[in-house]
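Structure first, commentary second.
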Number of protein chains: 2
Amino acid sequence: MPRKVAKPPTCAGCSVEATLNLIDGKWKIVVLYKLLVGGTLRFNEIRRLIPAVTQRMLTNQLRELEADGLVIRKVYPVVPPRVEYSLSERGRSLEPVIMALKSWGDMNLSSERAQAA
Amino acid sequence: MPRKVAKPPTCAGCSVEATLNLIDGKWKIVVLYKLLVGGTLRFNEIRRLIPAVTQRMLTNQLRELEADGLVIRKVYPVVPPRVEYSLSERGRSLEPVIMALKSWGDMNLSSERAQAA
DNA sequence: CATCACAGTATCCTTTTCGACACTATGTGC
DNA sequence: GCACATAGTGTCGAAAAGGATACTGTGATG
């Protein structure tokens, strides 16, 4: 939700919430995850890795991630434009979070229907 | 986002995304966090712990968490109604995720302005 | 000459989310 | 008799998120 810097924190669960806010938006963690395992990727590479995302959304999410200092955007001024995205230090520091998310999902979502449906 | 069971997964970063979907909605993790550290809580106790949440929202989030099998809702049929919420097994299994979120937040959000603003 | 890929913009429109506010029923305290 | 607390529900409406589609400019390719 926070477009820019965002929101006097609700300060209640606070750091938890604030962290979540950084990675909200339907595609952010997926993008971060892809960059985490895939290293440096070009715009269309990410697009192909996440077929369901639209260009507009991907652009959006990448811009927000960049603004939050989580990914680095490197533009090569060549003629078929070439733009590479990679995780920043800060982005890479999210690895435990992303991985915790992923392993929980791996363990719990296969049996999701059995438990929650 | 998923009200009920939700969404043929985008299956791209998949388990990561799906997990995130379970705890989206502005207040879910805060609630989970409060229940994690606070144990069993009554409706209005949670409300007081998270002053910014409205009743409607809190009710909503609790209902979704219950539907997802993450919290347990126990109603005592006494006359000033008494309803207690606590984490289920499944909910408690999210602890590493919530804690990863929290510790990242604690480490990174104090210096946020310095890095991202 | 027409088309493709690249990395986007721009515009429009629908859906979802969320907050504000009012309302419920009941037992207790004043 | 009145308000209060409990744990909600219901309705309304604004704002945000997100999807669909069309468009840009350039160089290489056919």
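Sequence lines set the chain letters: A, B, ... in the order given, protein chains first and strands last, and positions in each chain run from 1. Side chains are part of it too, since the values below use all heavy atoms of this structure and drop only hydrogens, waters and symmetry mates. These numbers were taken from a predicted model, which means no experiment stands behind them.
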Exercise: identify the closest heavy-atom pair between [X] and [Y]:
{"X": "Ile29(A)", "Y": "Glu17(B)", "value": "CD1-CA, 4.1 Å"}
{"X": "Val16(A)", "Y": "Lys102(B)", "value": "CG2-CB, 3.7 Å"}
{"X": "Val97(A)", "Y": "Trp104(B)", "value": "CG2-CB, 3.9 Å"}

Leu36(B) meets the side-chain contact (heavy atoms from CB on, under 4.5 Å) criterion, sequence neighbours left out, with Leu87(B), Arg92(B), Glu95(B), Ile98(B), Met99(B)
By side-chain contact (heavy atoms from CB on, under 4.5 Å), Ser103(A) pairs with (sequence neighbours left out) none
inquiry  = If the threshold is 4.0 Å, N to carboxylate O, is there a salt bridge linking Arg82(A) and Glu84(A)?
reply    = yes
Is any side-chain N or O of [X] closer than 4.0 Å to OP1 or OP2 of [N]?
{"X": "Arg56(B)", "N": "dA7(D)", "answer": "no"}
{"X": "Lys26(A)", "N": "dG19(D)", "answer": "yes"}
{"X": "Arg47(B)", "N": "dA5(D)", "answer": "no"}
{"X": "Arg42(A)", "N": "dA7(C)", "answer": "yes"}
{"X": "Arg73(A)", "N": "dG8(C)", "answer": "yes"}
{"X": "Arg63(A)", "N": "dT9(C)", "answer": "yes"}

- If only atom types and distance count, is the side chain of Glu66(B) paired as donor or acceptor with the main-chain N or O of Arg63(B) below 3.5 Å?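 Not a single qualifying donor-acceptor pair exists.
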Given protein heavy atoms under 4.0 Å, the one-letter contact record of nucleotides 23-30 of chain D, with B base, S sugar-phosphate only and - none, is simply --BSS---
Among the candidates [options], find the nucleotide nearest to the side-chain atoms of [X].
{"X": "Thr59(B)", "options": "dG8(D), dG19(C), dA20(D)", "result": "dG8(D)"}
{"X": "Arg48(B)", "options": "dT6(D), dG8(C), dG19(C)", "result": "dT6(D)"}
{"X": "Tyr85(B)", "options": "dC6(C), dG8(D), dG19(D)", "result": "dG8(D)"}
{"X": "Val83(B)", "options": "dG8(C), dG19(D), dG8(D)", "result": "dG8(D)"}

Exercise. Tell me: CD of Glu84(B) to C1' of dT6(D), nearest whole Å?
Worked result: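 Nearest whole value for this atom pair: 13 Å.
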Assign each of Met57(B) and Leu62(A) the nucleotide of DNA chain C bearing its closest heavy atom; nearer the 5' end lies the nucleotide of Leu62(A)
